[in-house]
Structure formats: C-alpha cells, structure tokens
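Taking it in order: structure first as structure tokens, then the write-up.
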Amino acid sequence: MNAPIPPTLRRPIRELPDELISQIAAGEVVERPASVVRELVDNALDAGATQVTLRLLAGGVRLISVEDDGQGILRDELPIAFKRHATSKIGSLLDLESVATMGFRGEALAAINSIADCAILSRASGLNDAYLLDGRTGELGPVARSQGTTVEVKELFYSTPARRKFLKTDATELAHCIESVRRHALARPDVGFAIWHEGKLVEQWRRCLDMPLAEAPTESALAALDQRLSDVLGPEFLAQSVRVDWHSSQTNEYDQPALRVWGRAGVPDAARSRADQQFCYVNGRFVRDKVLTHAARSAYEDVLHGHRQPVYALYVAMDPTRVDVNVHPTKIEVRFRDSREVHQAVRHAVEDTLAAPRAAAAAGAVDGQPQAPSLLAQPGAYVQRMPVAPMYSAQPAIKFEADTSLVGHRVSDVSALWQRIPTPQEGWAAVGSAQVKEEPAQRAGDTEQSPLPPSRPANHNNEEAWPLGRAIAQLQGVYILAENSQGLVIVDMHAAHERIVYERLKTQISLTAPDGSVHPLASQPLLIPATFAATPDEVATAEAHVATLNTLGLEISPFSPKTLAVRAVPTTLAQGDAVELARSVLAELAQHDASTVIQRAQNEILGTMACHGAVRANRKLTIEEMNALLRDMEATERSDQCNHGRPTWRQLTLKELDSLFLRGR
Ligand SMILES: Nc1ncnc2c1ncn2[C@@H]1O[C@H](COP(=O)(O)OP(=O)(O)O)[C@@H](O)[C@H]1O
Ligand SMILES: [Mg+2]
C-alpha cells in the first residue's frame with residue numbers, strides 16, 4: 001500500500017485519467033450489487049422492455065446479468081455506451097429539464113465497467129445480427145440472441161478490494177437486489193420481472209398490463225396495478241389498503257390536472273412497526289423524499305397514533321419541468337419546484353381516502369377489495385383489546401345522544417374540563433376553550449336533562465342494507481353486538497362514539513372560518529413576561545409567525561437578540577409553563593406550515609373534548625340507541641378508528657364462526 005502523501009508536499013495539477021474518473025463516479029453510483037441492478041434495470045425499462053430477467057451469482061458479487069427485450073443497441077453504438085457521459089436520452093439542457101427516462105446522466109455503464117468485468121450483448125430492433133462487446137478488451141464480435149440487450153457484470157469491485165470488504169453476506173446482498181427490482185416492479189405492471197439466484201428462480205412477477213401507466217391511469221390500469229401490488233407485496237397489502245385516486249383542480253397547459261396522485265394507502269390497522277412498506281414514486285421513479293413521506297404520515301395523523309408506520313404505495317404524476325431529478329447521482333432524491341403544492345396533494349389524496357368509513361365498502365366486498373377488519377385474521381386479537389380507561393367509570397355518566405347538536409348537550413362536561421388546570425405536559429390538549437364555550441351555551445339549559453331521540457329514526461325496511469348491521473345486544477357494558485349480512489359485528493361503543501363526537505366537533509368548531517377569517521383563541525397577558533434564552537431558529541420563527549401565534553393565543557416577541565419573551569398565553573393555559581408551551585409551538589411552526597399547526601392544535605383540543613363527551617363504559621344503551629350509533633358510524637369519516645388509532649369495530653364472519661365450531665359448511 002502507498003504511504004500517505006504529506007499534505008505539505010507540492011504536487012502538480014493534472015487531469016485525471018478517464019478510468020480513474022469513472023472509478024470515482026462509481027463510488028457515488030455503485031455502493032453494492034443492488035445499485036448495479038437498479039442502473040441496469042433502469043436501462044432496460046428505458047429501452048422499452050416488456051420482460052426483464054435478472055440472474056445473480058453470490059448475491060450479485062460474482063455475476064449480475066440483466067436481460068431485456070427492449071429496442072437494443074446498434075453495433076456501432078455499442079462501444080459508445082461504455083463511454084463516460086454517453087447517452088441517447090438527452091441532448092440539451094431543455095431535454096434535461098423535462099427528462100422522462102429513468103437514466104440521463106450517461107455514466108452508469110462507464111462507472112460499472114470501471115469496477116467490474118462487463119459485457120454487453122445486444123440485437124437492435126429490426127436487425128438480424130447480434131453483437132457482443134467485451135468491456136475489458138473492447139473486442140466486438142457476433143453472437144446469437146433475439147431482440148434486446150443483456151448486460152453482464154462479473155466480479156464487482158475486483159479492482160477495488162477495499163470496497164468489496166464492505167459487502168455483507170450473499171443473502172443480504174441478494175435481498176437488496178430483490179428490493180431494487182421490487183421498486184421497479186411496483187411502478188411497472190406492464191413489464192414482467194424474473195429474478196434467478198444461483199440457478200434458482202427466486203421471484204417472478206408477470207406482466208399484467210399492455211401499456212405503461214400513463215399520467216392519468218384508466219380503471220383497468222389501476223386494476224393491473226392492484227394486481228402487481230398484490231403479487232409483489234402480498235395479498236394482505238391489497239386486502240388491507242384502500243385505493244387512492246386524486247387529482248388537483250388546477251390544470252396544466254393541456255387541460256389535464258396539474259398533479260395526480262394514485263396508488264393504495266393501507267388502513268390504519270395494517271400499520272407496521274417498521275417503515276418497510278412505504279413506496280413513493282414521482283413520474284414513475286422510485287424516490288425517497290421527505291416532503292412525500294411527511295405528507296403521507298400527516299395524512300394518518302388523525303387515525304394512527306404512536307410510532308406505528310403506515311403502509312402505502314403512492315404514485316405522483318406531475319409536469320416534469322416542475323420537479324428536478326438531477327439532484328442526486330443515483331436519482332433517488334428529487335427537488336420539487338413547489339414542495340408545498342406536492343405536500344398538500346399527497347396529504348389530501350391519502351386523507352380523503354382514509355376518511356371514508358369502510359363498513360360500506362366491506363359490505364359489498366369482492367375478492368381483492370378491502371375487507372372488514374377480521375377478528376380471526378389477527379391472532380391474538382381477542383386478548384389485545386384495550387380496556388376502556390378506568391377513569392371513565394369514576395366520572396358521572398354522560399347521557400348518550402346521537403343527535404347532531406351534540407356539542408350543545410355536553411356543555412356542562414366541557415366546562416368541567418376547562419376548570420381543570422392543565423399541566424404543562426398536557427400542553428396543547430387544553431388550549432382553546434374560547435370558541436367552544438360561546439356558541440353552544442344558550443342551548444345548554446334545555447338539553448341538559450332531556451334524553452334525545454336517536455339522530456335518524458331507525459328505518460327497519462332498510463336493515464338489510466346497513467353495513468354495520470342491526471344491533472342485537474350490548475356486552476358487558478363495553479361492546480355492541482350487531483348482525484349484518486356477513487355475520488357478527490362487534491363495536492367498541494366508547495371508541496366509536498368518541499370518534500363520532502370528535503369528527504362532529506371538528507366540523508363545528510374551527511379557528512379558521514370557511515371565509516378564511518380567523519378567530520383567535522382567548523388570550524391572557526402575563527403580568528411578568530416569561531423570558532427564555534432562544535436559539536436563532538426560535539427567534540426567526542417567532543418573528544415570522546406573529547399572526548399564527550396570535551391565533552393560538554400566544555404573544556412571543558424578542559426581548560434581546562438571544563432572548564424571547566412570552567407576553568401572553570391562551571387563557572386556559574395561564575397556569576401552565578409558558579416557556580415550555582412557547583418552545584413546543586415554535587418547534588412545530590419551524591417544521592410545519594402555519595395552517596397545519598393551527599389544525600393540529602385544534603384537533604388535539606377537540607380530541608380531549610371528544611373523549612370526555614363520548615359515552616362511557618357501563619352505560620346501558622337501548623337497542624334504538626345502539627342502532628343510532630351504528631348508523632352514525634356508517635356516516636362518519638374515519639369512524640373505523642377511534643381518536644387514538646384503535647379499531648372501533650370488527651367483523652366476525654359466518655365462515656369464521658363456523659370454523660370456531662368446527663362446522664363444515
Ligand atoms: N438495456 C439497454 N437497452 C438499450 N440501450 C441501452 C441499454 N443499456 C444501455 N443502453 C444505452 O447505453 C447508454 C448509456 O447507458 P447509461 O450509462 O446507463 O447512461 P444513461 O442511462 O444515463 O443514458 C444509454 O443511453 C442507452 O442508449
Ligand atoms: Mg442508465
């Protein structure tokens with residue numbers, strides 16, 4: 001090994017040899033066999049392949065061969081393909097700005113050729129002869145093959161043994177290679193994929209669509225995508241997810257929606273402990289992007305709590321000039337011209353999808369469509385039930401009403417809530433009584449005593465059509481049992497009612513009116529402003545968001561260049577720790593846009609109220625009341641999960657009941 005060069009020794013400036021430049025580039029592009037696989041499959045797809053076959057030896061370290069049936073490469077162009085910065089995909093800056101192919105940098109083959117033994121075999125479309133180019137020797141000779149191209153890469157990193165040492169076991173490298181193809185496969189149901197390892201077929205996904213998914217996929221294209229998602233991620237993914245199909249109202253110059261988002265979003269129940277089933281695509285390219293993952297995650301905010309990771313496959317289509325794909329050598333990152341627009345699009349697309357109650361969909365479910373959450377499908381589900389928190393039983397029972405003017409009836413309860421002095425930890429949860437108290441107050445008196453009739457009189461003619469069925473009994477003061485066409489429905493009545501109350505509060509109470517005007521929270525000046533040493537970020541955020549802070553009842557202003565002073569806090573939080581509150585709000589504002597923060601703060605307040613307003617355990621319900629609750633669930637957005645992300649109902653099908661009793665049908 002060479003001795004390190006002393007930094008003080010003066011050396012002449014020289015141009016690096018081509019081979020070395022490629023090896024340096026390879027350092028960026030090729031981390032492991034899976035990176036080579038990604039580049040070669042990219043090339044195959046760019047060549048219009050309908051079938052891509054990957055063959056590997058020793059996890060790809062000894063051999064990676066990618067065979068396609070694409071348009072092939074002309075004999076005379078074969079040697080150019082191995083050259084640095086040689087590409088057929090762009091020719092000008094204009095092309096670069098609207099690139100539609102996976103590749104465009106023209107460096108993958110050169111880079112790979114500099115760190116492995118490569119060969120290309122190709123027969124161009126419309127020609128009868130095929131040629132093989134040896135990347136090492138540059139020899140070009142005839143071979144036999146059908147239309148398309150095979151690129152063979154042997155002994156990866158043979159010339160850079162240090163890199164080779166970084167590789168993991170064959171099995172791990174194989175897994176990465178498969179993952180790489182999986183990402184391609186999920187975007188291209190119009191292409192068949194096969195993966196062989198050591199002569200054995202390890203994965204195969206058949207082509208199930210004639211044409212690539214266009215910017216505006218048809219119903220049949222989306223069905224093909226479902227098929228592919230099921231093939232690659234398993235039928236559970238399909239069964240436990242809902243179709244996303246959203247487009248923006250703005251149009252582009254061709255009168256098409258400027259932004260489209262489609263794919264599938266997993267139901268909250270399907271969330272996992274790892275983020276290993278989250279796939280995002282921008283114009284057909286798999287990307288890892290903070291804007292997209294954050295948008296997707298925030299769409300689950302209201303239905304998935306804690307650290308569970310949602311599953312989804314989302315495809316964003318937009319004008320290519322509005323997204324820069326040339327920001328990362330492996331093109332896995334992108335930069336949006338308007339990331340806010342994309343964030344909102346993805347968030348809305350997923351949120352809207354998740355909002356629809358799934359009972360109705362499940363009632364008419366066909367194979368491959370989302371099913372009702374099943375008890376038996378989840379081993380351990382029986383014992384997993386979260387007990388209703390004991391604190392409820394200690395409180396006076398609240399009358400259960402399914403009336404739409406529910407806010408009004410809970411006034412006494414709500415004001416009781418506000419009399420409690422919130423602890424700083426509760427922070428947000430207690431902000432914001434102002435709007436709540438005002439409007440419903442005048443109705444409080446007359447409604448307090450009278451038990452109300454259910455919101456919709458139970459219509460007995462329609463029983464058959466009720467997705468959540470007809471209530472038959474109440475179990476242990478906790479569950480409602482109902483019968484529907486599929487069997488038995490079990491509802492956690494507190495959880496379900498809590499969601500209904502919450503959703504209703506959300507529509508009735510808003511800091512921002514539909515006309516955009518803002519009703520700030522009641523605020524109380526502090527006698528002595530609370531000052532704290534602030535970071536430059538916090539100071540900047542406080543200055544930039546004065547209006548939003550005011551909406552939230554906060555007044556925070558600079559005291560000195562490095563100190564902020566909290567001068568007013570929301571009335572309801574006057575007893576809490578003003579500095580802690582200010583810090584957490586500033587942190588939120590630094591990360592998210594103002595409307596998101598306001599919305600979140602508000603949702604947390606309402607969530608707490610809903611929990612208090614919802615029917616308690618051990619409260620006897622009449623059949624009428626139970627049916628009213630079921631009908632409300634069917635009509636309420638997000639009613640499949642309670643506010644804490646737990647399921648509100650389960651279906652036990654007749655088939656499952658039969659199998660419990662070993663009854664052959
Ligand atoms: N499988 C293939 N089928 C047809 N042409 C290919 C294939 N692989 C590579 N090529 C040709 O070789 C060129 C160089 O490939 P590459 O180094 O990956 O650069 P890029 O994909 O960025 O253009 C491509 O532009 C393409 O014309
Ligand atoms: Mg390429």
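Indexing begins at 1, ligand by ligand and atom by atom, following the structure's order. Just so you know, residue 1 is the first one in the sequence shown, and it goes up from there.
The protein non-hydrogen atom at the shortest distance from atom 1 (N) of ligand 1 is D68 OD2, 2.8 Å. At the top of the distance list for atom 10 (N) of ligand 1, counting protein heavy atoms only, stands I73 CD1, 3.7 Å.
Residue T87 approaches ligand 1 through these ligand atoms, each under 4.0 Å from one of its heavy atoms: 20 (P), 23 (O), 25 (O). Atom numbering of ligand 1 starts at 1 in the shown order; those under 4.0 Å from a heavy atom of R105 are 22 (O).
Of the options K89, M102, K83, K331, the smallest heavy-atom separation from atom 21 (O) of ligand 1 is shown by K89. Counting heavy atoms only, N43 comes closest to atom 18 (O) of ligand 1 of the residues L45, N43, T101, D42. Closest to atom 12 (O) of ligand 1 by heavy atom, among A81, G148, G103, is A81. Evaluated by nearest non-hydrogen atom to atom 19 (O) of ligand 1, the leading choice among A124, G106, S122 is G106.
Because the distance cut-off is set at 2.8 Å, T87 fails to qualify as a neighbour of the Mg ion (ligand 2), as none of its N, O or S atoms comes that close.
Looking at S248 and R260, their side chains never bring a donor and an acceptor atom within 3.5 Å of each other.
Atom CD in Q240 sits 8.0 Å away from atom CD in E236 (nearest 0.5 Å).
Residue contacts with ligand 1 for S88 involve both N, CA, C or O and side-chain atoms from C-beta outward (heavy atoms, distance under 4.0 Å).
Across all their heavy atoms, Y281 and Y315 have their closest contact at CD1-CE2, 3.4 Å.
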